[in-house]
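Scope of the values below: all heavy atoms of this structure, side chains included, with no hydrogens, waters or symmetry mates.
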Amino acid sequence: MAYTAAPDSIPRPHDRFPLINRRNIHPSRYTQSLISEALRVGMIDISLVDDIQMQVRGVLEEHLRQARRAHTKAAQTSAGDAAPAVDETLARSMLDSIFYSVDTYLLGFHDPLYAINALQGMAVDEMFRAGQKMIKSLICESVALHVQAKKSRIVCDNAAYNVTLDEEIHAYLSGYDYQRAGHEVVREMNYPLFDSPMAVHGIHRLREYLTRLVTENHFAALFEPEEKQLLFDAYAKQHKTTTAQMQVNLYDIIVCNALGAAILGKYPGILVLTEQEITYLNEKLHRKTTRELEHMTTDAIRTLISDLHPEPAAAAYLSGQAKRFVSRLLDARNTADASRLFVASDPQMLFMQ
């Protein structure tokens with residue numbers, strides 16, 4: 001008599017979810033990498049993949065027809081053989097934009113399992129339209145964040161910082177075509193963040209850039225304007241440039257000196273470090289092991305947060321950079337040059353301004 005498996009013992013697609021390797025799923029091409037991974041572990045079969053591909057082609061053809069009707073004169077040329085090349089370029093851009101919209105919708109689930117469920121139960125056109133609505137919402141959020149970034153700006157004459165805030169972000173937002181080119185990578189802004197978002201494209205990238213910029217601005221606002229200006233002036237002099245021409249993240253300069261003050265046992269709200277204090281930091285770092293430097297960094301960050309009371313987002317942002325600061329302290333220790341990390345300035349200058 002042949003053995004028949006009990007219904008509960010038959011493998012089901014969801015039982016294979018633990019086999020999913022999340023490292024194979026990339027935010028910048030979420031839908032495609034999610035489908036590949038779900039297919040690999042047996043959560044979906046090839047017939048669903050074929051069906052999704054056919055639906056994507058249907059959505060693409062519909063939107064290409066709309067685009068051609070809207071841009072008939074621009075798409076047509078006097079040379080009869082030039083039109084296909086234009087169509088191919090338009091098709092490629094539209095296809096990428098369709099996937100970007102579907103990616104946006106599926107990323108909204110924040111979990112691959114629910115995203116796979118949506119792939120199995122929803123039409124591509126439905127996910128595309130839902131993604132478009134979410135992109136429009138992200139654009140509105142980005143506009144609001146831009147307003148916050150300008151209101152919380154660090155008052156300085158740094159050209160990269162001011163041009164980015166006043167011109168570049170506005171130019172990107174006003175020219176963003178979410179329907180046909182939502183996927184396009186936001187070019188690097190003139191002003192570098194301390195930790196730039198690299199894994200996402202389009203409006204997701206700009207929104208993340210602005211979120212981090214606002215967080216950095218809020219942290220910088222914890223310090224006196226005169227001390228920040230003195231610090232920027234000293235940094236520029238140290239690097240043989242001007243504060244206007246510096247190509248550096250301002251938050252980086254501020255937080256390093258604040259951590260240096262915490263390591264010295266000073267109140268970290270005071271950014272001024274003297275030459276003598278940096279010499280002492282050099283000697284202090286030289287005597288520390290890697291493990292001790294790790295503890296020193298953790299303690300300094302904890303002290304800075306408890307003394308200055310930054311908002312939760314700024315506290316989390318700072319805490320998340322602990323490993324990076326450890327690496328830089330190690331570099332300062334190994335080179336016996338703490339001045340590469342901390343900036344010395346003359347405290348008397350504060351009373352002469």
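- Arg207 contributes no side-chain N or O that, together with a main-chain N or O of Ile139, makes up a donor-acceptor pair within less than 3.5 Å.
- Tracing side-chain contacts under 4.5 Å through hydrophobic residues (I, L, V, M, F, W, Y), one never reaches Leu145 starting from Val163; they form parts of separate clusters.
- Counting only residues at least two apart or on different chains, the side-chain hydrogen bond (donor to acceptor under 3.5 Å, both in side chains) pairs with a member in residues 103-114 are Thr31-Asp103.
- Panel note: side chain Asn24, backbone Glu37; no donor-acceptor pair is recorded below 3.5 Å.
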Next item on the list: Evaluate side-chain contact (heavy atoms from CB on, under 4.5 Å) for Met246 paired with Leu250, printing each intermediate quantity in order.
Entry: CA-CA 9 Å; Met246 293 189 307; Leu250 302 177; 4.0 Å; yes

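- Crowding of His26 atom NE2: a count of heavy atoms from other residues, nucleotides or ligands under 6.0 Å exceeding 12.
- Under the 4.5 Å side-chain contact rule for hydrophobic residues, Ile46 and Leu19 share a cluster.
- What you find for Ala344 and Gln238 is that their closest heavy atoms are N-OE1, 4.4 Å.
- For the atom pair Phe128 CZ and Ser97 OG, the distance stands at 6.0 Å (nearest 0.5 Å).
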Next item on the list: In sequence, state the C-alpha distance, the side-chain angles, and the governing distance for Arg328 and Asp331, and then conclude on salt bridge (Lys or Arg N to Asp or Glu O under 4.0 Å).
Entry: CA-CA 5 Å; Arg328 295 170 75 175; Asp331 183 55; over 6 Å; no

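- Distance check: Cys256 SG to Arg340 CZ gives 12.5 Å after rounding to the nearest 0.5 Å.
- The closest side-chain heavy-atom distance from Pro268 to Leu259 is not below 4.5 Å.
- In His286, the NE2 atom is not crowded: 12 or fewer heavy atoms of neighbouring residues, nucleotides or ligands sit closer than 6.0 Å.
- When all heavy atoms are compared, the tightest approach of Ile278 to Ser339 is CG2-N, 4.0 Å.
- Taking each heavy atom of Ala115 and Leu106 in turn, the nearest pair found is O-CD2, 3.7 Å.
- Annotation: side chain of Phe17 is in contact with side chain of Pro112 (closest heavy-atom distance under 4.5 Å).
- Taking CD of Gln148 as the start and CG of Leu210 as the end, the distance is 9.5 Å to the nearest 0.5 Å.
- The side-chain contact (heavy atoms from CB on, under 4.5 Å) test with Leu213 is passed by exactly one of Phe194, Tyr161, Tyr251: Tyr161.
- Atom CD of Glu292 has more than 12 neighbouring heavy atoms from other residues, nucleotides or ligands inside a 6.0 Å radius.
- No side-chain heavy atom of Leu271 sits less than 4.5 Å from a side-chain heavy atom of Phe232.
- Closest of all the heavy-atom pairs between Ser101 and Ile135 is OG-CD1, 3.6 Å.
- The main-chain N or O of Phe219 is never found under 3.5 Å from a side-chain atom of Glu311 such that the two would form a donor-acceptor pair.
- The structure places CZ of Arg205 at 9.0 Å from CE of Met189, a figure rounded to the nearest 0.5 Å.
- In this structure, Val255 and Gln321 have side chains that are not in contact, with every pair of non-hydrogen atoms separated by 4.5 Å or more.
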Note to self: The test is side-chain contact (heavy atoms from CB on, under 4.5 Å); show your working for Glu227 and Ile270 and say whether it passes.
What the structure shows: CA-CA 8 Å; Glu227 289 193 34; Ile270 299 176; 3.8 Å; yes

Item checked: salt bridge (Lys or Arg N to Asp or Glu O under 4.0 Å) between Glu208 and Arg212, intermediate numbers included -> CA-CA 6 Å; Glu208 185 61 25; Arg212 298 183 190 196; 2.7 Å; yes

Check: Between Lys150 and Val147, is a side-chain contact (heavy atoms from CB on, under 4.5 Å) present by the stated rule, with each step listed?
Finding: CA-CA 5 Å; Lys150 293 178 76 172; Val147 172; 6.0 Å; no

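- Minimum heavy-atom separation, Leu281 to Gly260: CD2-O, 4.1 Å.
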Checklist line | Asn158 vs Tyr191, side chain to side chain donor-acceptor pair (under 3.5 Å): CA-CA, chis, key distance, verdict | finding: CA-CA 9 Å; Asn158 184 252; Tyr191 179 70; over 6 Å; no

Note to self: side-chain contact (heavy atoms from CB on, under 4.5 Å) for Thr303 and Ile263? Distances and angles first, verdict last.
What the structure shows: CA-CA 9 Å; Thr303 297; Ile263 291 171; over 6 Å; no

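- Using a 4.5 Å heavy-atom threshold, the side chains of Leu273 and Leu264 count as touching.
- With hydrogens and angles ignored, the 3.5 Å screen pairs no side-chain donor or acceptor of Asn257 with any backbone N or O of Val272.
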Next item on the list: Test salt bridge (Lys or Arg N to Asp or Glu O under 4.0 Å) on Asp166 and Arg153 and set out the steps.
Entry: CA-CA 10 Å; Asp166 297 330; Arg153 72 190 307 149; 3.0 Å; yes

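- Heavy-atom minimum distance, Gly269 versus Leu308: CA-CD2, 3.6 Å.
- One N or O on the side chain of Gln55 and one on the backbone of Val124 form a donor-acceptor pair closer than 3.5 Å.
- Counting heavy atoms from C-beta on, the side chains of Leu119 and Ile44 never come closer than 4.5 Å.
- Formation of a donor-acceptor pair under 3.5 Å by the Asp307 side chain with backbone atoms of Tyr267 is not found in this model.
- The backbone N or O of Phe99 sits nowhere less than 3.5 Å from a side-chain atom of Asp96 that would complete a donor-acceptor pair.
- Between the Asn217 side chain and the Ala149 main chain, a donor and an acceptor come within less than 3.5 Å of each other.
- Of the possible polar contacts, one joining the His146 side chain to the Leu165 backbone as a donor-acceptor pair under 3.5 Å is found.
- Between the OG1 atom of Thr298 and the NE2 atom of His295 there is a distance of 7.5 Å, given to the nearest 0.5 Å.
- The NE2 atom of His309 lies 10.0 Å from the CG atom of Leu222; values are rounded to the nearest 0.5 Å.
- A heavy-atom distance below 4.5 Å is found between the side chains of Gln245 and Thr242.
- When atom types are taken as modelled, the side chain of Glu216 and the backbone of Leu193 share no donor-acceptor pair closer than 3.5 angstrom.
- Inspection of the Glu168 and Thr164 side chains reveals an N or O donor paired with an N or O acceptor under 3.5 Å.
- Looking only at side-chain heavy atoms (C-beta outward), Glu277 and Thr274 come within less than 4.5 Å of each other.
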